[in-house]
Number of protein chains: 2
Amino acid sequence: MQSRPRIPEATVARLAVYLRVLSGLAESGRGTVSSGELASAAGVNPAGLRKDLSHLGPCGTRGVGYEVATLRDRIAGVLGMETAHACVLVGLGNLGSALAGYGGFGSRGFEFVGLFDASPARVGQEVGGRVVRPMEELDEVVTATRATIGVIATPAEVAQRVCDRLTAAGVRSILNFAPVALTAPAGVDVRQVDLSVELQVLAFLDKQRGPAAAVLAPAGGMA
Amino acid sequence: MQSRPRIPEATVARLAVYLRVLSGLAESGRGTVSSGELASAAGVNPAGLRKDLSHLGPCGTRGVGYEVATLRDRIAGVLGMETAHACVLVGLGNLGSALAGYGGFGSRGFEFVGLFDASPARVGQEVGGRVVRPMEELDEVVTATRATIGVIATPAEVAQRVCDRLTAAGVRSILNFAPVALTAPAGVDVRQVDLSVELQVLAFLDKQRGPAAAVLAPAGGMA
DNA sequence: AACCGCTTGTGAACGCAGGAACAAAGTCGC
DNA sequence: GCGACTTTGTTCCTGCGTTCACAAGCGGTT
């Protein structure tokens, strides 16, 4: 069916970035873009961008560039954005509430069809326009809405249990913000996002460069 | 000086994960761990874990395993965690507030010494035990506290301006949550975290596996 | 109609990360 | 004291991702 059996995962992640840039350009009324300009806006190498786009088949005009709207729709199709994705979010603490209220998801075709929390204090509250439900209703909502994506923003101690319940209910993709490695049955994709790891990588790179802070301001360049 | 000129960035990210697991084991009173067990808890391959640890020099005992406390301290030292890192956070919206209140940072040696927001409505409020300050005080606080890490959780439109101000004030490492590629002067590290990109990768993988959702619920079609 | 400049798309080389297999070393048991 | 088992540390290899460089193609111009 599709002449592209597989697209590298790193490329998929970048396609999502290109898509965001293209959406911005389309709103600016821009008609075409060159690979160089698009790569610059996305923060990647122009050759790499062209190679990424080559996975979608030829979609540019030589000598001119890429048609903004066309390319945007093409990428959106490949990423599976023509249809909205129903997501459930478990854990409405600080991070979960931020995710529920984050507009970047809704504008990209992801809709939270259920917010769940184990704490009775949270249940019933409204977050991001949705009412927080008790954990008991999780299975029912996942089944009814056919949600395929589950987001875990709970404390680490209960994340595995939540993961089990989500997979048992039929969720096939999980985005985990809890700082633990989750075990899921085969056929279920788990992606881990650990915010503090990012900070620690930064701290390491900073330390590796050595304490050269004084060198950066040789002649009182503070002003 | 250091016999390890460079540690791969991917390894550094995993070291941070090992460190978290080791801290948990140490609290459990565990004395030693084998690479297999540690790798399982971290969700990686045992051979890869040993290779990662080999960058720190020999730190295990053959036939026994790794001493939990010793290895933890060694990794902490390599990651630059013996000294606390002062961070400033700009943008106290949903995500910024979640970050400010996230305990995972403080327990890892990262302290937010300044919270900043451009909105007068936010200034003066208390988030995570700290008072939100106006943007005008950013330069002053960064200089006074010698903060080296800046976290950007603002809307995309102002992220580049915030980045410019942070670097001008002397920040050398930036963690950016705004969905834009930032341009920073040489010598400044920028790490990008895009939450919606993760979701889109999940959606793509789900779509790539084919529309097998119907198989999961054979009886009871949409109609 | 033909030329020229510009841009895409692709092919090849380089470097890096990941995984498996093997040798060294230390401990436990006899 | 010696042997065998366990586990680390290392080495090799395979595959992937990234980058550079070139050929192919299209539009504009004369």
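The chains referred to below are lettered A, B, ... by the order of the sequence lines, with proteins before strands, and numbering in each begins at 1. Atom set for the values below is all heavy atoms of this structure, side chains included, hydrogens, waters and symmetry mates excluded.
- For A:Glu67 and C:dT8, the CD to P distance is 13 Å, given to the nearest whole Å.
- Between C:dG26, D:dA21, C:dG18, one nucleotide has an atom nearer to the side chain of B:Ala10 than all others, and that is C:dG18.
- Summarising the geometry, the separation between CZ on B:Arg14 and C1' on C:dC16 is reported as 12 Å, rounded to the nearest angstrom.
- Atom CG in B:Asp52 sits roughly 14 Å away from atom P in D:dT8 (whole-Å rounding).
- Remark: B:Tyr66 is in phosphate contact with D:dG9, judged by side-chain N or O atoms under 4.0 Å from OP1 or OP2.
- Residue whose closest nucleotide on DNA chain D sits further toward the 5' end, between A:Thr61 and A:Pro8: A:Pro8.
- Here the nucleotide nearest the side chain of B:Lys51, chosen from D:dG9, D:dA21, C:dG18, is C:dG18.
- Note on B:Arg62: every side-chain N or O is 4.0 Å or more away from OP1 and OP2 of D:dC5.
- In this structure, A:Leu38 places its CG atom 13 Å from C1' of C:dT7, rounding to the nearest Å.
- With rounding to whole Å, B:His55 atom NE2 is found 17 Å from D:dT8 atom P.
- Among all heavy-atom pairs drawn from B:Leu99 and B:Phe177, the shortest one is CD1-CE1, 3.6 Å.
- Of the candidate nucleotides D:dG9, C:dT27, C:dT10, D:dG9 has the atom nearest to the side chain of B:Arg50.
- For A:Glu37 and A:Arg30, the salt-bridge test passes: some basic side-chain N is under 4.0 Å from an acidic carboxylate O.
- Remark: P of D:dT18 and CD1 of A:Ile7 are 14 Å apart, rounded to the nearest angstrom.
- Nucleotide C:dA21 holds its C1' atom 12 Å from the CG atom of B:Asn45, rounded to whole Å.
- The nucleotide whose nearest atom lies closest to any side-chain atom of B:Ser34 is, among C:dA20, D:dC20, D:dT8, D:dT8.
- Across the protein-nucleic acid pair, B:Leu49 atom CG and C:dG19 atom P stand 12 Å apart, rounded to whole Å.
- The residue B:Gly48 sits apart from the nucleic acid: no heavy atom pair falls under 4.0 Å.
- Within the 4.5 Å cutoff, the side chain of A:Ile174 has heavy atoms near those of the A:Ile152 side chain.
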Check: Would B:Glu111 and B:Cys87 satisfy side chain to side chain contact (heavy atoms under 4.5 Å, CB included), going step by step from the backbone distance to the final call?
Finding: CA-CA 6 Å; B:Glu111 188 194 0; B:Cys87 314; over 6 Å; no
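- In this structure, B:Glu67 does not pair ionically with B:Arg74, as no charged nitrogen and carboxylate oxygen lie closer than 4.0 Å.
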